[in-house]
Amino acid sequence: SDDTESSTGTDGGDAPSSDVKVGMAYDVGGRGDQSFNDSAAAGLDQAMEEFGMESQESEAEDGEAEAAREERLRTFADAGYDPIIAVGFAYGPSVGKVAEEYPDVHFAIIDDSSVEADNVASLVFAEEQGSFLVGAAAALKTETDQIGFIGGVETPLIQKFEAGYVAGAEAVNPDIEVDVTYLTQAPDFSGFADPAKGKTAAQGMFDNGADVVYHAAGGSGGGLFEAAAQSGNWAIGVDSDQYETADSSVQDAILTSMLKNVNVAVFEYLSEVNDGTFPSGVTTYDLAVDGVGYSTSGGFVDEFTEQLDEYKQQIIDGEITVPATP
Amino acid sequence: MSETAPAQASEHAPAVRLRGIGKRFPGVIANHDVDIDVEQGTIHAVVGENGAGKSTLMKILYGVQAPDSGTIEIDGRAVSLGSPADAIDHGIGMVFQHFMLADNFTVLENVVLGAEKLHGIGAAARAEIMRLSDAYGLDIEPDRLVEDLGVGARQRVEILKVLYRGARVIILDEPTAVLVPQEVDELFANLRELKAEGLAVIFISHKLDEVLSVADTITVVRRGTTVATVSPDEVDSRQLAELMVGSELPTPSTESSTVTDTVTLSVRGLRLPGESRLLLDDVGFDIHRGEVLGIAGVEGNGQAELVEAIMGMRSGATGKVELAGRDLTRASTRERREAGIGYVPEDRHRHGLLLDSPLWENRVLGHQSREPVVRRGLVDRRAAREDTQRIIEQYDVRTPGTDVLARALSGGNQQKLIVGREMSGDPILLIAAHPTRGVDVGAQAGIWDHIRDARRAGLAVLLISADLDELIGLSDRIEVILRGRLVGSFDPSQVTPEQLGSAMTGAGGAA
Amino acid sequence: MSGLSPRLTKVVLGLSAPVLALFAAFAITSLVLVVAGDPVGGVWGEILTVPATRNVANILNNATVLYLSGLAVAVGFRMNLFNIGVDGQYRVAAFVAAVVAGEGWLPGAANIVLAIAAAMLAGAAWAGIAGVLRASRGVSEVIATIMLNFIATGLVAFFLRKVAVREAGSNTIGTKEIPEGSRIPGFEIGDGATTEVYGFIFLAALAGFAYWFVLNRTRFGFELRATGASTSAAVASGINVKRMTITAMLISGALAGLVGLPILFGDAYAYGSTFQSGLGFAGIAIALLGRNNPIGIAVGALLFAFLDEQSNALQILVGVSPDIVAITQGVIVLTVVISYEVVRRYGVRLEQQRVAGALEQEHRAADEQETHA
Amino acid sequence: MSTTTSPRPAAGTTSKRRLPRWWWLAAVLGVLFVVSVLEVVTGADDLASSGTVRATLIALVPIMLAGLGGLWSERAGIVNIGLEGMMILGTYGAGFFGYHYGAWAGVAGALLMGALGGLVHAIATVVFGVDHIISGVAINIIALGAVQYLASLTFAGLPGGGSTQSPKLDNVPSVTIGPLSDALGNLEGQDIFFVSQLAAVLRAMVTNLSLFVLLAFVLLLLTYVVLWRTTFGLRLRSVGESPSAAESLGVAVLRYKFSAVLVSGALAGLAGGFLAMVASSNYRDGQTGGRGYIGLAAMIFGNWRPTGLLAGSGLFGYTESVGLRQGGTSVHALLLGVAVLAMGLAAYQFYRRNITQGSVILGLGAVVMLVWVAIDTVPGDFTSITPYVITLLVLAFASQRLRMPAADGQIYRKGSAG
Ligand SMILES: Nc1ncnc2c1ncn2[C@@H]1O[C@H](COP(=O)(O)OP(=O)(O)OP(=O)(O)O)[C@@H](O)[C@H]1O
Ligand SMILES: Nc1ncnc2c1ncn2[C@@H]1O[C@H](COP(=O)(O)OP(=O)(O)OP(=O)(O)O)[C@@H](O)[C@H]1O
Ligand SMILES: [Mg+2]
Ligand SMILES: [Mg+2]
């Protein structure tokens, strides 16, 4: 890949080296999902580049057994990988269990803070805060006072996105109408991988008067972008700056993206590891630390940045408390 | 009576000449050294025991199966028949033992299938069918679905299929097994017409009287080979049968009546609604201990429904069924069986057997709730095997053992197994539908003997058969069924097959 | 071969088919790897290593679950019913069991029994819908169970959200955890193993034995198989086919109800959004692989579990996508039936030869008598 | 059971089999009318909007194409439960060839990959006489594994691609008949009862209509013509109805079965291709989401006939789209429709003196009616299961007349004639 030259490396000469071997256990979809996993992968790539770490990756299968997740972590541990980063809340219980079995190995888990152990770092995000901002952006942008939200699978995590988004929109316009659709119900996780359904749902919202739709639907979000581009409406991306990765034909329909900087979390975690300390406990990436945010590529929200940054400050200051459940 | 006769030299070659045909199946020699000459403009009958190899031979002539040895000549030219298509190209047509029709297709579709090149699949084909139908008096409606047709009509469709392809040699494998005398007569009239046009007809039948009446030449097949070719004037049916079996036949014993006064089965007011009319209409009769009641009727007039209604297999049936004084009207099939009804079904493959299960499991079938084969809800495999062995011995079932799959038995032996099974547990009533259909004369006699023996011991029998000789020979009384109604009662010692036949088709005649 | 006794012939034939199939599957998978340029030796080296003790435990655990699923499907197959809906049935059942067990209305083991009974009832009821539709309305059980799978997903998701409890910090929701006293303890194999084998494995074995006994030894089983072999013959023999259809679906569903329980009682202790899915579909393959025979299904389940477990590490250790193993599994299913078919045809021929041979001897004896006479 | 000698009354037979030629048009208009009434009564205005119709078209095509695949093979007597797998192969074919060589190459790739799955099924079932279900299940497993494996080999590292998805694929061109579309749009906007709804339907068909959708409908028509109007079709159907009769008339049974299964695979592959290229715009792991099974169900629903299949996939596509678009209100409105229909049906059953059946249906209708009254909007969990519930309900009340090809699922060996 192209990351060899592009990073902001300090020492241009000899490559840095480190004897840290990072094990990376992705959620379903893995590297290249244009979404959550990819973001984690970016953080990993950056760390490998800057610190000369070694890494190995593995990804989950759809609907797999708990034992399979545990075994993935154990295989890493047995093969000498330390730390091991588990990407996704599904790994919660397995990290809890395996961390106990391997007290000398260090683990990080993203999107879960249920494990309390000295060798486990929990990296969690205030998705509702980021979603609040894009919700506000949507409410500012809409001309019909009607916006939409598409969730991939109805889980508590995705409901956090919904809750923040709705709160943000209502903060701008208390009377705004927000259409909410989830594509599938757990354990049918195909809602994260069915762009066709995403497109149908989005088209339905646009046809019925919404003109901005935000998705937290992983791969199904591609369908939203298409629908938005074809009907001349706006879409809001999620997790990473999807304007950057989207096909040029739909780029101009992407108003903004809610940034969930998993890459930052992973990189920061690994840089601490590089410094010789293994963090533990819960680290929350929220607006205050720029763990979440919104993107401005394309320049479509430039007119509102001031208002958005104001909301951001209010949230950071605790003047606004964003709900995490709808 | 001549030896396997070489063809008399005449000015033209025979329509079909088979020489030294041999066919082996794994472990079985179905045909060997078969020599037959079929002259143009004749009806040539082929007779033989079950499994003698008649059908195999015909399938070879029709290209379905390839012979291992021997030559086939059509009109004097040696041919090689790799598939039915080849045979059709050489002017051979075949009507199989079991009809080869797609039920959900129309007559037209069935006829043109495979021969679309001749007249397409549309109007031209329809016109040609109508032409043939009129020319031979076949009375065919091209747009009817085959499933709506009766047996006779299906038979005519089969013949039309052959004619449509311009066949010069027509093979008919047991065409009369399911027909009533009038239909047989019609068929024979058709055959004679074909013969008059110069076609050659090859005709297989177990009904030797028919053979003698219609054939110009008869070839006897025994254990895979032709053993004699005779003219119908030279032999009677008994001699023919002995040629088939290769030994003398026992004379059937004539019996005095064993009918008693005790009523075993009493049926009253049996009705069964169908889609557009009653399939059974107020049927009522009694059968006494030691009595055989025969039911005569053209197939499809309610016989199958009657049997199934008495067996409790038809849900819509109303009316009263009493067995030995016990009311079975609301009883399930199982309860009826337990009450002492034995049942030899019409279609042994569909209703009588689990073809892919061993014989001993087939012994359990229908007796799942009775000892010795099942005890306290558990299948007693040892007892089942032992009792199967008993049947094998008593009924002369030709099989190497009780663990053989039912499918591996020939039709006659399958039938003997079924009869033996239904006779076990000493039933008081036996319902036998076509118990000897397609069974050769030897096995037939065996099955009849068993029924007679049981009758003497008090068994009541409801006998349904398309074979009027069998009905007349076995029954103490015959009822005729027509469109679901019992329309007449006959004394078998007084009635002729022809009389029965006209009663079966009703006053109007046409079936 | 014809020199062997029939029983021995049967055994030899029976064994040669799967061996043939495994070799074919091995060859085809290797071919795929070669064409794709992946390290063939590395992949097989990893898959065919002797599993560590804890992997053995995982294999046994996974096999237990797959086994139950295979049994559930097989019951249907024995009657010519294609229960494609084990997935939905176990989902409904596991949820119901988790709720019942989590509530802990009864103490200790009684709670387990109650939950298992509830699961079997729920699974049976869900499958029973398809059974009733088939028996009373003639709806193909294939369609009905497919539809019921999707419906189960929606319903369970809805009710799960109603009863869910959420652990602090976790993003999954699940039912209340089963109280300590009502879990089914596992047991260790070897020493130091970190993973225990589900205690439920004994119940699964018991279910297998019951399956065998009921189907092959009892009158009920006979009737069920007879109905599968020929509906028309079954009717004529006095079997109530409609009732049998419903009963078979109920039993199949009840067994399906057990599928999720080893996980529930031995590992997860709650039903949540990450509960393992797709086991019903694996069960179809395993039932077909095991030819609906309880031992065969066990072998199939172990084989699938083995392949799943051993392939888990492929990505980490060899850098090859573990999906390759799905190819192997599918190919095994296919090659097994093809080689069974080939072997079966051969066996039929042997059987016919034997029958014909016996008959020919009889004929010869008869001929001799004739000539003597 | 047994055969009848006396002919059944001719009237009964004809009324069952010969509907007037335009019956389907009448049926479509009738349904549209009912929906229009529902819209007016409930105010759920998305029930018959052109957006809904367009979404329905998109949702029904993959199901219909998969069902067509099933139709071809089952008409030739081969059960194809492997449609899902062949469809999965199709999604990959579209992804790989579509990315590298353009849209139409993607269509061809989908077709070829599907046909490859069909080939495996044909070899297993036709040549080796393997049980059709086993072969189909195996193909589903292999296809899923193979495609995921291939995807991680071929898409990982491509810009916009990854181990579970392909980069964006080019669009298959679509057509719009501009003036007509605008005029109809106008009409749709005017809210005239029934006319607006009709305009919406027509508008969806002339606006931004993907050529792939057109292709699918051409294939449906072609299937009808080929299978029911040509020699080839007669022979193909004959091997599904009675292979021994066909063989006895010189039809090369195995060859027809083989080609039918190949076509079946190709059609299922196209279904997958459509999913990847039109319904969305890239290959994704798990994209088919069981639509192959749904296609099979739609085909059985449609009584193994093209028109029936169209109705089945239409019902499915419609309920799915409606549920995804304005699920809460639309499905709520449909409840009223279901309740009223059930009551009508119950009345008819009472009239026919089927008291038990009538009561059951009436009870059901009453319950649905109560639910309709009790809630304002249907929760998401239930809108997503609407298609499945409705399919089950329709089947439960209409399935007795289904008739599959007589020899469907049976293993045929050459030389079995006679
Ligand atoms: N396809 C086959 N495979 C193996 N054996 C066969 C096959 N077809 C026929 N046979 C054997 O060939 C023998 C001759 O069978 P065939 O069907 O020709 O008898 P048949 O004279 O027509 O008998 P029937 O009068 O009962 O119709 C049978 O005994 C059977 O064992
Ligand atoms: N296709 C086949 N494959 C294997 N064996 C066959 C085949 N066809 C027939 N047979 C064998 O041939 C024997 C007789 O077959 P067939 O159907 O001709 O019996 P049959 O005596 O003519 O019966 P029926 O009186 O019902 O016509 C049986 O043993 C059967 O196993
Ligand atoms: Mg025969
Ligand atoms: Mg014969």
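Sequence lines set the chain letters: A, B, ... in the order given, protein chains first and strands last, and positions in each chain run from 1.
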Point-to-point distance, once rounded to the nearest 0.5 Å, from [atom1] of [X] to [atom2] of [Y]:
X         : Y         : atom1 : atom2 : result
Glu116(B) : Leu234(D) : CD    : CG    : 5.5 Å
Thr230(D) : Ile121(B) : OG1   : CD1   : 6.0 Å
Ser242(D) : Met100(B) : OG    : CE    : 7.0 Å
Ser248(D) : Tyr62(B)  : OG    : OH    : 5.0 Å
Asn104(B) : Ser238(D) : CG    : OG    : 12.5 Å

Determine the minimum heavy-atom distance between Val251(D) and Gly114(B), stating which atoms define it. CG2-CA, 4.2 Å
What pairs with Arg485(B) under salt bridge (charged side-chain N to carboxylate O under 4.0 Å, His left out), at least two apart in sequence or on another chain? Asp281(B)
For Glu147(B), is there an ion pair with Arg403(D) - N to carboxylate O distance below 4.0 angstrom? yes
Go through the atoms of [X] and report whether side chain, backbone, both or neither lie under 4.5 Å from a heavy atom of chain D.
X         : value
Asp86(B)  : neither
Lys117(B) : neither
Leu113(B) : both

Less than 4.5 Å apart, any side-chain heavy atom of Glu241(D) and any of Asp103(B)? no
Should we say atom CZ of Phe232(D) is surrounded by more than 12 heavy atoms from elsewhere, each under 6.0 Å from it? yes
Please classify the contact between Ala407(D) and chain B as side chain, backbone, both or neither, with a heavy-atom cut-off of under 4.5 Å. neither
